[in-house]
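Everything on this sheet refers to the single structure shown next.
Order of the sequence lines fixes the chain letters, A, B, ..., with proteins taken first and strands second; residue numbering starts at 1 for each chain.
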Amino acid sequence: MKLRSLILAASVAALSAATATAEPTKIGMITTLSGGGAGLGIDVRDGFLLALKMSGNSDVEMVIEDDQRKPDIAVQLADRMVQSDKVDILTGIIWSNLAMAVVPSVTAQGKFYLSPNAGPSVLAGKGCHANYFNVSWQNDAMSEAAGNAMSEEGIGKVFLMAPNYPAGKDMMAGFKRFYKGEVVDEVYTKLGQTDYAAEIAQIRASDADQVYFFLPGGMGISFMKQYSGSGVDTPVMGPAFSFDQGILQAVGAAALGVKNTSQWNKDIDNAANAEFVTAFQAEYDRLPSLYASQGFDTANLILSAMGKADVKDADAFRAALEAAEFDSVRGDFAFGPNHHPIQNVYMREVIQEGDVFTNKIIGVALTDHTDAYAADCKM
Amino acid sequence: MSLILLIEQILNGLQFGVMLFLTAAGLTLVFGVMGLINLAHGSLFMVGAFAAATVAGATGSFVLALAASLAAAAAAGALVEILVIRRLYSRDHLDQVLATFALILIFSEGTRWLFGSFPLYLNIPDYLAGPVTLPGGIQYPLYRLTLIAIGLLVAFGLYLLISRTRLGIQIRAGESDREMIAALGVDISKLYTIVFALGAALAGFAGALVGAIQSVQVGMGEPVLILAFVVIVIGGIGSIKGALIGSLLVGLTDTLGGVLLPEFFKLFMDNASATSVGSSLSTMLIYILMAIVLVMKPTGLFGAKA
């Protein structure tokens with residue numbers, strides 16, 4: 001009993017001490033830290049925390065929780081963070097279906113949400129919100145870039161494949177928006193599917209000149225390994241999600257030479273990026289992925305806005321976020337009218353550096369690209 | 001759809017089915033002999049894959065990796081049986097589900113703690129890589145053919161084990177009357193440990209074989225576990241023959257449904273909506289199959305009369 005009252009007294013004292021000084025900005029991060037998609041969430045979290053550490057800013061208080069890639073758990077966590085933890089800003093969600101479950105209710109309650117990864121089309125268009133900012137990309141962007149690149153290369157027939165969920169549909173819609181040739185077949189697989197023998201047989205039977213596929217995380221690893229052993233030699237291309245740093249080692253030589261589109265790579269030439277790549281390797285002893293770069297940019301955007309306005313003054317803070325005056329690792333970064341980025345999308349190729357498989361930029365696929373949904377957004 | 005494509009898809013369905021059988025066989029044995037629902041069976045699948053990836057990384061030998069997967073999964077199975085499962089036989093199914101669910105979490109986070117959150121590298125050996133040409137000009141990956149052969153061999157081996165050996169007699173006796181074989185002087189707790197380790201080894205072996213063409217990562221066992229439960233419900237709980245037929249049925253239904261349903265809807269719908277309706281419906285197909293089997297035969301195809 002004595003001990004308990006002592007702790008109580010101590011925490012009351014700590015509480016009053018905390019309120020006496022300036023109140024810290026409270027950031028809630030809901031991301032995937034366990035299960036199959038954990039690598040992505042861990043990268044976003046590590047990139048985010050690295051930026052906070054490098055800034056030396058102590059006015060930030062983090063609440064980090066694992067959504068287990070389940071929409072219902074993400075919703076519970078968001079409710080708890082808004083109602084009992086009283087966070088000012090939420091961030092962290094990786095998957096579009098989870099973002100769709102969480103973001104609308106959070107922004108309706110007057111909180112800010114900054115997306116470090118998912119960019120479902122609805123939230124860029126009709127469902128946009130003044131308090132929702134996407135720091136990564138609208139889902140379609142990388143596929144639009146790939147569609148554009150394939151058209152410019154004059155590839156006539158393409159086979160499309162994606163999982164059957166919002167981001168998969170967005171990706172394929174984006175590809176078709178920019179691709180001028182013929183889509184010979186379009187296949188939607190189960191989310192989390194691990195065996196692609198049936199789809200590979202369909203690719204073999206089709207007369208496609210190239211395959212464009214979106215299979216993030218473990219799905220991409222499985223597909224690439226099985227594809228390389230199948231004897232089908234139709235070239236493949238995908239967005240960066242199947243070729244990010246976290247999974248390339250598991251795919252191995254099967255991915256060598258494959259082209260993929262990304263808004264970031266470790267060889268983008270600017271001071272912020274060089275500093276980020278070095279610091280990330282020093283801190284975590286591995287190369288950063290694009291997810292880590294997005295977490296890093298998200299944290300730096302928040303820090304830049306905190307420097308200009310108090311988060312409690314929502315209008316001023318929003319204006320500070322819109323200005324986006326921070327050194328992005330992508331180089332130039334600006335928000336469009338629907339709070340989604342206007343940015344370059346690059347074409348990368350998988351290469352081997354020593355023992356490590358990684359990407360290098362071989363060209364720009366789309367310059368200062370903006371998404372197709374901004375016109376539907378009435379803020 | 002050409003005949004060649006159809007045959008290739010049937011082979012794919014078979015291959016998926018026999019791999020499912022390796023996982024489902026252990027699950028159905030454990031349920032049949034000990035009356036235990038083991039949700040952690042998928043974790044043993046994962047243990048096998050991780051053990052194989054580690055040994056393959058260290059030695060470069062795929063055969064050693066497979067041996068390691070058998071040994072590691074059997075050891076993990078025996079350990080779990082002695083430490084945890086043994087206390088659950090007399091409890092009701094809810095307690096078993098809760099305890100084995102806890103085991104899933106322990107296995108997953110333990111694996112993450114040991115190996116990290118990023119997928120491991122495990123690839124098929126060079127001598128099994130690449131496609132072979134079958135009669136009729138069908139190109140099919142050699143590794144998948146090997147998987148079909150291995151799966152059928154294991155099924156045959158299990159059949160011999162159950163029908164021709166002393167251990168098999170004890171297992172069958174354990175399925176029909178647990179108290180009686182204990183009364184007849186069979187060391188029932190040793191038998192249970194052996195059966196559990198055997199089931200675990202089969203699951204781990206499947207994990208290693210499949211891990212070579214998939215992604216070796218934490219949580220890879222759970223999707224397989226759900227399918228394995230569907231298989232043993234269709235096949236009849238406790239029946240190895242049922243597990244084999246059920247696995248092949250599920251494998252073929254899932255693979256062919258995913259290919260043929262979108263084609264079918266394309267006959268009277270436009271391409272995009274046919275693909276989306278077809279893919280959505282095909283994911284439900286095995287559950288529809290399970291429902292139909294349960295309506296016709298409530299104890300499964302080869303289940304004992306309730």
### Query
Under a 4.5 Å heavy-atom cut-off, does chain B meet the side chain of Val251(A), its backbone, both or neither?
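When you check distances to chain B, only backbone atoms of Val251(A) fall under 4.5 Å.
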#### Entry: Side chain / backbone / both / neither for Ala198(A) at chain B, heavy atoms under 4.5 Å
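Both backbone and side chain.
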Need one label for [X]: side chain, backbone, both or neither, based on atoms under 4.5 Å from any heavy atom in chain A.
{"X": "Ala212(B)", "result": "backbone"}
{"X": "Ser282(B)", "result": "neither"}
{"X": "Ile213(B)", "result": "both"}
{"X": "Pro119(B)", "result": "both"}
{"X": "Glu109(B)", "result": "side chain"}

### Query
When rounded to the nearest 0.5 angstrom, what is the spacing between CD1 in Ile64(A) and CD1 in Ile30(A)?
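Output value for this atom pair is 11.5 Å.
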For chain B, which of [options] has the most heavy-atom pairs under 4.5 Å?
{"options": "Met219(A), Arg286(A), Arg204(A), Gln193(A)", "value": "Arg204(A)"}
{"options": "Asn164(A), Val232(A), Asp195(A)", "value": "Asp195(A)"}
{"options": "Lys169(A), Gln226(A), Gln249(A), Glu186(A)", "value": "Gln226(A)"}

### Query
Any idea how Trp95(A) and Tyr165(A) line up, ring-wise: parallel (<30°), tilted (30 to 60°), or perpendicular (>60°)?
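Trp95(A) vs Tyr165(A) ring planes: tilted.
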### Task
Return the orientation label for the Phe214(A) and Phe241(A) ring planes: parallel under 30°, perpendicular over 60°, tilted otherwise.
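Plane angle over 60°, so perpendicular.
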### Message
Looking only at the side chains, is there a donor atom on one of Ser289(A) and Asp43(A) sitting less than 3.5 Å from an acceptor on the other?
### Response
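Yes, a side-chain donor-acceptor pair sits under 3.5 Å.
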### Query
Are Asp170(A) and Ser96(A) linked by a side-chain donor-acceptor pair shorter than 3.5 Å?
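Ser96(A) and Asp170(A) do not have a side-chain donor-acceptor pair below 3.5 Å.
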### Query
Under the side-chain contact (heavy atoms from CB on, under 4.5 Å) test, which residues partner Ile351(A), sequence neighbours left out?
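If we apply the side-chain contact (heavy atoms from CB on, under 4.5 Å) test to Ile351(A), skipping adjacent residues, the hits are Glu353(A), Thr358(A), Lys360(A).
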Pair up each side-chain donor or acceptor in residues 121-134 of chain B with any protein partner under 3.5 Å, not counting sequence neighbours, and list the distances.
unit_1, atom_1, unit_2, atom_2, d
Tyr121(B), OH, Asn123(B), ND2, 3.3
Thr133(B), OG1, Gln139(B), NE2, 3.4

